[in-house]
Amino acid sequence: MAEKTSVDEAADDVPPTNDMRANEDIEEELWDIDDETLNSGAVGFTATQIFVRNPACVAYTYDDIIVMPGHIHFGLDEVDVSTMLTKKISLKVPFVSSPMDTVTEHRMAISMALQGGIGIIHSNLSIEDQAAEVRKVKRFKNGFISDPICLSPDGTVGDVLMIKETYGYSGIPITDTGTMGGRLMGIVSNRDITFLDDKSMKLRDIMTPREKLSVAKQGVSLVEANQILKESRKGKLPVVNEDDELVALIARTDLLKNIEFSKASKDAVTKQLLVGAAIGTRPEDRDRAAALVEAGVDVIVVDSSQGDSLYQIQIVRYLKSTHPKLQVIAGNVVTPSQAIHLIQAGADGLRVGMGIGSICTTQEVCAVGRAQASAVYHVAKFARRYGVPILADGGIKSTGHITKALALGASCVMMGSMLAGTDEAPGEYFYQDGVRLKRYRGMGSIEAMTKGSEKRYVWDNNSANSVKVAQGVSGAVQDKGTLLRYIPYLVQGVRHGMQDAGVKSLNEAWDQLYTNKLRFEIRSPAAQKEGGIHGLHSYEKRLY
């Protein structure tokens with residue numbers, strides 16, 4: 001045995017601190033519950049007892065169950081929510097934005113990736129437009145606005161005020177064409193219009209002209225751009241090419257926000273943001289997939305309301321053989337008997353959920369589907385044998401639902417309505433009864449189907465002449481503000497839930513789930529009511 005060094009001896013001589021003694025004493029004093037009490041249901045029930053030994057043959061939703069508290073032996077900042085989206089794609093945050101035309105286009109996908117999640121671009125677009133959305137995400141650089149709203153010199157003060165009311169900002173580049181890529185003519189800021197009463201005034205008469213602007217040349221780095229902004233004391237910095245055409249815009253506020261996103265989902269080699277895109281199962285979707293791969297997409301979601309079909313198996317096999325480096329998420333499924341066919345076809349991830357979204361009517365119309373908590377548990381447990389992560393899609397209404405989905409085996413959650421009211425979601429805000437709203441619709445709604453989403457629900461080759469049967473509705477959701485504040489709130493809520501359950505990471509939660517250490521209970525309707533807000537005359541609910 002090696003002889004102790006003087007350093008080792010000195011370390012041994014250091015007396016333990018009071019905190020060290022206290023922690024050691026606490027750990028020594030902790031007792032385990034006796035088996036009789038443990039097996040009596042006094043500390044809840046195992047997932048096996050609830051979902052497998054189920055004599056009543058009942059399926060459960062997130063609201064039906066509650067997670068039993070565990071022993072907290074770590075700080076909130078120690079909770080690790082990193083996870084796997086697919087066999088090869090890891091995320092720092094287990095959040096995925098749904099491929100819906102009122103949820104995910106490039107702005108949503110960029111913001112989700114910056115904060116550690118990922119966005120899936122919807123397919124209610126032409127092949128070219130969907131590929132262009134993917135390229136916008138892959139070309140994004142922190143702090144650079146690649147598609148700013150522009151106006152022409154013939155635009156009016158009224159146009160600027162409308163943009164300010166709709167989008168919340170008034171720093172508008174002026175180009176000769178009124179579009180991105182036009183020759184830079186000037187810029188209009190809030191100070192240029194603040195004291196103007198005539199909304200018909202032309203912007204050429206009030207804008208700061210090109211010769212008085214500080215600009216950056218294409219290829220400028222963020223560090224260089226920040227220095228230019230400091231020296232010019234301006235709020236906006238146009239970026240132009242050699243022909244003085246506008247190629248980007250840098251805002252001081254965005255620069256401050258985007259200097260560092262340590263959890264951003266990036267390709268390890270290219271350092272580009274990760275992005276996904278949805279396709280259908282029709283022959284033309286093979287061309288769509290090729291265009292998306294050429295644009296740099298990292299993962300493709302095969303988007304079907306019922307994923308266990310010959311058509312999906314064929315396209316999953318095609319994608320894995322034609323584009324072997326591409327990660328493919330298949331679905332939707334709710335049973336292991338559906339999942340096994342897609343796993344056999346080569347799926348790298350599975351999307352779980354059928355008929356449980358807030359705008360989905362599949363269960364009502366088709367009488368087919370499954371309650372989401374049961375679906376997530378059974379498919380996750382089965383797919384785990386093959387190393388295939390699952391994505392819990394739909395039914396998420398709160399951070400508590402997210403925590404439950406993850407505790408039941410989901411690697412990530414896919415959200416639609418939770419994200420639809422944010423600034424980054426497609427569409428414009430409108431007011432109804434004094435409430436600021438954004439439109440949100442199911443991809444099974446008649447409105448979305450007319451744009452192309454019917455391919456998620458119909459496999460008849462002659463479907464163009466068939467009657468459309470809606471499996472979703474259109475509605476509106478309340479303004480949730482920017483994802484820059486909303487996602488951190490969701491992450492922190494999940495951390496609190498995991499800490500209360502006594503698990504430091506998702507892997508630890510799943511280990512406890514499958515070794516029957518994580519416990520649950522079924523909540524009666526009265527218990528569900530009791531667990532919510534009640535007994536008040538009125539209240540204001542603020543998320544953060």
Side-chain angles (χ1 to χ4, degrees), residues 85 89 91 93 95-150 163 166-169 173 179-181 239 246-251 254-255 257-258 261 264-267 270-279 288-289 291-301 303 329 414-416 418-429 438-440 443 448 451-453 480-484 486-487:
L85 173 69
I89 295 178
L91 301 175
V93 173
F95 300 157
V96 183
S97 65
S98 181
M100 305 172 73
D101 58 6
T102 50
V103 177
T104 310
E105 291 179 354
H106 73 274
R107 285 189 67 207
M108 175 67 72
I110 288 170
S111 191
M112 288 294 291
L114 284 174
Q115 296 181 83
I118 193 171
I120 312 297
I121 307 293
H122 70 86
S123 60
N124 258 17
L125 297 162
S126 68
I127 292 176
E128 294 77 15
D129 287 345
Q130 190 182 22
E133 290 291 306
V134 169
R135 288 192 186 93
K136 288 177 182 178
V137 180
K138 302 306 287 186
R139 292 174 180 171
F140 176 82
K141 295 180 180 179
N142 290 357
F144 290 81
I145 304 170
S146 58
D147 61 340
I149 295 176
C150 302
I163 291 171
T166 304
Y167 298 102
Y169 56 83
T179 60
M180 181 67 172
V239 181
L246 185 67
V247 296
L249 183 69
I250 300 174
D254 288 340
L255 190 62
K257 287 184 291 189
N258 294 333
F261 283 92
S265 304
K266 294 181 179 180
D267 183 280
T270 66
K271 304 303 180 183
Q272 294 175 320
L273 296 180
L274 299 183
V275 63
I279 67 170
R288 183 180 291 272
L292 293 170
V293 170
E294 190 276 331
V297 78
D298 299 286
V299 57
I300 278 182
V301 174
D303 196 16
I329 296 175
M414 177 173 275
M415 295 179 285
M418 287 280 284
L419 304 176
T422 60
D423 293 347
E424 291 78 5
E428 298 180 0
Y429 286 109
K438 257 192 181 181
R439 301 204 180 277
Y440 175 55
M443 296 301 276
K451 298 292 185 180
S453 68
K480 296 184 180 72
T482 175
L483 287 182
L484 295 175
Y486 189 52
I487 294 296

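In this chain, numbering begins with 1 at the start of the sequence shown.
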Peer 1: Any sub-3.5 Å donor-acceptor pair from D298's side-chain atoms to G276's backbone N or O?
Peer 2: no
Peer 1: Is there a side-chain contact between E133 and H106 in this structure, where contact means two heavy atoms from C-beta onward sitting under 4.5 Å apart?
Peer 2: yes
Peer 1: Would you say S265's side chain and G116's backbone share a donor-acceptor pair under 3.5 angstrom?
Peer 2: yes
Peer 1: If we only count heavy atoms from C-beta on, is the L85 to I329 side-chain gap below 4.5 Å?
Peer 2: yes
Peer 1: Quick one, E424 and L419 - any side-chain contact, counting heavy atoms below 4.5 Å?
Peer 2: no
Peer 1: Ignoring hydrogens and angles, tell me if any N or O in the side chain of Q130 forms a donor-acceptor pair with the backbone of A277 under 3.5 Å.
Peer 2: no
Peer 1: Would you name the heavy atoms of N124 and D101 that are closest together and state the gap between them?
Peer 2: ND2-OD2, 3.1 Å
Peer 1: Just how far is it from atom OG of S111 to atom CZ of F140, taken to the nearest 0.5 Å?
Peer 2: 8.5 Å
Peer 1: Just verifying a value: how many Å separate S98 OG and Y440 OH, rounded to the nearest 0.5 Å?
Peer 2: 6.0 Å
Peer 1: Would you give the length of the straight line joining atom CG of L274 to atom CD1 of I118, rounded to the nearest 0.5 angstrom?
Peer 2: 5.0 Å
Peer 1: Under the 3.5 angstrom rule, does the side chain of R288 hit a backbone N or O of A278 as a donor-acceptor pair?
Peer 2: no
Peer 1: Can you tell me how far OG of S97 sits from CE of M415, rounded to the nearest 0.5 angstrom?
Peer 2: 8.0 Å
Peer 1: Could you tell me the separation between the CG atom of L114 and the CD1 atom of I487, rounded to the nearest 0.5 Å?
Peer 2: 11.0 Å
Peer 1: Are the side chains of L484 and Q115 in contact, using a 4.5 Å heavy-atom criterion?
Peer 2: yes
Peer 1: Taking the side chain as every heavy atom from C-beta outward, state whether H122 and T102 have any atom pair closer than 4.5 Å.
Peer 2: no
Peer 1: Can you tell me how far the CD1 atom of I300 sits from the CD1 atom of I121, to the nearest 0.5 Å?
Peer 2: 12.0 Å
Peer 1: What are the two closest non-hydrogen atoms of G119 and V275, and how far apart are they?
Peer 2: O-CG2, 3.8 Å
Peer 1: Can you give me the closest heavy-atom contact between L246 and C150, atom names plus distance?
Peer 2: CD2-SG, 3.7 Å
Peer 1: Using only atom types and a distance under 3.5 Å, with no angle test, would you say the side chain of Q272 pairs donor to acceptor with the backbone of K138?
Peer 2: yes
Peer 1: Which is it for M112 and V96 under the side chain to side chain contact (heavy atoms under 4.5 Å, CB included) test, yes or no, and what are the steps along the way?
Peer 2: CA-CA 7 Å; M112 288 294 291; V96 183; 5.6 Å; no
Peer 1: Are there more than 12 heavy atoms of other residues, nucleotides or ligands under 6.0 Å from atom CZ of R135?
Peer 2: yes
Peer 1: Where is the tightest heavy-atom contact between P148 and M180, given as atom of each residue plus distance?
Peer 2: CD-SD, 3.6 Å
Peer 1: Keeping the roles fixed (side chain from T104, backbone from P99), state whether a donor-acceptor pair exists under 3.5 Å.
Peer 2: no
Peer 1: Is the shortest side-chain N to carboxylate O distance from R107 to D423 below 4.0 Å?
Peer 2: no
